[in-house]
Amino acid sequence: MTWSEMQPLLEQACWDTLYMVGWSTLIAVVGGLPLGILLVLTDRGGLLQNVVANKVIGQVVNIARSMPFIILMVALMSFTRTITGTTIGREAAIVPLAIGAIPFFARLVETAVREVDHGLVEAVQAMGGNTWTVVRRVLVPESLPSLISSATTTVVALIGYSAMAGTVGAGGLGDIAIRYGYQRFETGLMWITVAVLAVVISVIQFAGDYAARRLHRRGGGSGAAPRLRLLKAGPKLGKAA
Amino acid sequence: MITTSGLTKVYRSRGREVTALDGVDLHVREGEVYGVIGQSGAGKSSLIRCVNLLERPTAGTVSVDGHDLTALAGRGPRAGRELRRARSRIGMVFQHFNLLSSRTVQDNVELPLEILGTSGKERSRKALELLDLVGLSDKAKAYPAQLSGGQKQRVGIARALAGDPKVLLSDEATSALDPETTRSILQLLRDLNRQLGLTVLLITHEMDVVKSICDSAALMENGRIVESGTVSELLATPGSELAAALFPVGGDASGDDRTVIDVTFQGDAATRPVISQLSRTYNIDISILGAAMDTVAGRQVGRMRIELPGVYEENVVPIGFLREQGLQIDVVGERELVKDGAK
């Protein structure tokens with residue numbers, strides 16, 4: 001295969017991957033953020049303490065998260081068909097990708113939000129703030145650097161999932177690697193696909209880390225979360241503080 | 001201004017019960033600085049957090065500025081609209097400042113105003129005015145991480161004042177600060193108390209805090225208030241633990257046949273030469289074991305530990321003379337006798 005043959009294939013595959021991952025990330029954030037916050041709020045000692053709700057949400061999230069993606073994808077086929085009218089193509093892949101990513105992101109959100117210093121929540125309560133104020137003014141903005149890191153992790157995981165979706169006709173880079181690299185022994189194209197994937201993942205990871213660090217640099221110093229993150233930042237500790 | 005009656009808080013966890021507050025009656029008058037002092041675990045923190053119902057009392061009532069907060073609380077664990085409104089009229093400052101690291105100093109001060117629904121222009125006017133009041137007008141655009149501890153607490157105080165509260169609760173506000181900064185923060189609280197007529201309830205484990213700014217104080221032990229009153233009342237109470245802690249004098253008797261007494265001077269008694277009068281009138285030798293002068297709650301107070309020759313029975317008359325002079329006398333190590341004498 002020559003480069004001029006590969007180029008349009010790769011271009012299309014790249015766009016397909018980004019399209020699937022982009023939409024499913026968006027849906028995962030929209031669905032996972034409230035779910036993760038709810039997990040914290042309904043927990044024992046939380047602002048909306050509700051042990052039953054917490055257990056139910058926690059169980060659903062756990063099961064959905066530990067389900068191998070390829071099985072989830074197959075299991076959701078009829079559901080996907082109801083929503084998109086098909087089970088093939090990039091639109092159809094978004095459904096299982098998003099559903100798989102929502103609990104994944106929700107758990108990461110839960111961890112990030114839990115790290116917000118409870119003193120800040122109390123301060124806002126002492127000012128007369130309600131639960132919604134606490135969520136909007138404290139929990140989300142104070143954990144934003146961690147939330148961005150979590151979203152980055154989710155995007156990278158979704159790229160991995162999308163390659164699996166590619167094997168059942170979703171298109172994208174995974175599809176190229178399987179069809180050309182595995183089935184037709186086009187080793188060259190496969191290696192290029194691997195390289196492209198590596199570049200895409202690196203760029204996303206870099207952008208996510210950069211955004212999280214930028215947000216974090218101005219903050220820190222008033223709770224457990226920033227301190228923990230400073231430790232992780234290692235040599236940048238001096239600058240961040 | 002703040003009244004609690006029979007305030008009780010019991011924490012239950014895994015079948016164990018811990019009584020943090022055991023029937024606390026507290027009365028804070030309008031415009032005063034009231035200090036609650038005690039060791040960690042005495043229940044101070046539970047007490048101050050029950051005042052704005054961050055902690056729900058198990059029993060008893062809390063009223064602030066004439067509003068019975070316990071009645072507003074409702075039954076559920078969540079704060080209803082009325083309780084939230086009442087809270088917005090009570091300022092609170094914290095030991096660890098609790099500033100939002102994602103917001104600038106000015107935005108932190110504006111936060112209570114956002115909750116109250118104040119318009120943007122009015123918010124920033126008020127926030128800048130308050131930052132000016134606490135001496136941080138040049139730090140409005142800084143982030144909390146860029147400030148020192150004392151500056152952070154000033155922001156905390158400015159934020160607590162944003163809702164124009166009549167009452168300020170201070171939860172160990174100076175405990176995380178060095179002595180120098182502590183002094184400047186206490187001075188600020190004192191100034192605000194005078195300028196704005198703000199009633200301040202503070203809890204602390206540092207006697208110096210009580211000494212330098214409190215009008216009244218209470219000592220807490222095991223969830224109970226064991227002593228309370230205005231600082232001058234306390235100093236005038238024979239055998240008061242708080243008075244002794246506020247104003248320690250040391251020194252031991254040089255022999256068994258001696259009487260050691262603590263003499264407390266307040267106001268104009270501090271300026272009269274009572275000791276030399278005593279010495280001349282009864283022709284006795286007096287040794288001074290320890291002495292200190294200090295300003296407590298803005299008043300000159302002196303305390304002296306002196307030793308008289310002879311046992312207590314032989315010194316009843318000289319001690320009576322000192323009492324006549326308007327001095328407060330505590331006989332050291334003879335507490336029973338002191339109480340008899342006071343009758």
Query raised in the report: Looking at A:Thr133, A:Asn130, A:Val138, which has the largest count of heavy-atom pairs under 4.5 Å with chain B?
Result: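 Ranked by heavy-atom pairs under 4.5 Å with chain B, first place is A:Asn130.
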Check ion pair [X]-[Y] (N to O, under 4.0 angstrom):
{"X": "B:Glu114", "Y": "B:Arg103", "answer": "yes"}
{"X": "B:Glu30", "Y": "B:Lys166", "answer": "no"}
{"X": "B:Lys44", "Y": "B:Asp171", "answer": "no"}

Query raised in the report: Taking every heavy-atom pair that is under 4.5 Å apart, which of B:Arg159, B:Arg81, B:Arg89 has the most such pairs with chain A?
Result: B:Arg159
Query raised in the report: B:Leu111, B:Leu83, B:Leu53, B:Leu169: which one forms the most heavy-atom pairs within less than 4.5 Å of chain A?
Result: B:Leu111
Requested in this report: In sequence, state the C-alpha distance, the side-chain angles, and the governing distance for B:Ser102 and A:Glu142, and then conclude on side-chain hydrogen bond (donor to acceptor under 3.5 Å, both in side chains).
Outcome: CA-CA 6 Å; B:Ser102 56; A:Glu142 287 293 308; 2.7 Å; yes
Query raised in the report: Does one side chain, of A:Gln205 or A:Tyr210, offer a donor that lies under 3.5 Å from an acceptor on the other?
Result: no
Query raised in the report: Residue by residue, which of residues 125-138 of chain B have a heavy atom closer than 4.5 Å to a heavy atom belonging to chain A?
Result: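 When heavy atoms of chain A are the reference, residues 125-138 of chain B contributes no residue within the under-4.5 Å range.
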Requested in this report: Please look at A:Val124 and chain B and tell me whether the side chain, the backbone, both or neither of the residue comes under 4.5 angstrom of a heavy atom of that chain.
Outcome: both
At what distance, to the nearest 0.5 angstrom, does [atom1] of [X] lie from [atom2] of [Y]?
{"X": "B:Met220", "Y": "B:Ile37", "atom1": "CE", "atom2": "CD1", "result": "12.5 Å"}
{"X": "A:Gln125", "Y": "A:Thr131", "atom1": "CD", "atom2": "OG1", "result": "7.5 Å"}
{"X": "A:Leu139", "Y": "A:Leu144", "atom1": "CG", "atom2": "CG", "result": "12.0 Å"}
{"X": "A:Asp16", "Y": "A:Tyr19", "atom1": "CG", "atom2": "OH", "result": "9.5 Å"}

Query raised in the report: Hey, mind stepping through B:Glu172 and B:His205 against side-chain hydrogen bond (donor to acceptor under 3.5 Å, both in side chains) and telling me if it holds?
Result: CA-CA 8 Å; B:Glu172 299 268 13; B:His205 61 267; 3.2 Å; yes
Query raised in the report: Can you name the one residue among B:Thr58, B:Val51, B:Leu47, B:Thr61 that meets side-chain contact (heavy atoms from CB on, under 4.5 Å) with B:Leu7?
Result: B:Leu47
Requested in this report: Quick one: closest heavy-atom pair of B:Leu72 and B:Ala86, and the distance?
Outcome: CD1-CB, 4.0 Å
**Report entry** Under 4.5 Å from any heavy atom of chain A - which part of B:Ile90
**Finding:** backbone
Query raised in the report: Side chain, backbone, both or neither: which part of B:Phe97 has a non-hydrogen atom closer than 4.5 Å to chain A?
Result: neither
Report task. Report, by ascending residue number, the residues of residues 94-110 of chain A in heavy-atom contact with chain B at a distance under 4.5 Å; give 'none' if the set is empty. Result ->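 When heavy atoms of chain B are the reference, residues 94-110 of chain A contributes no residue within the under-4.5 Å range.
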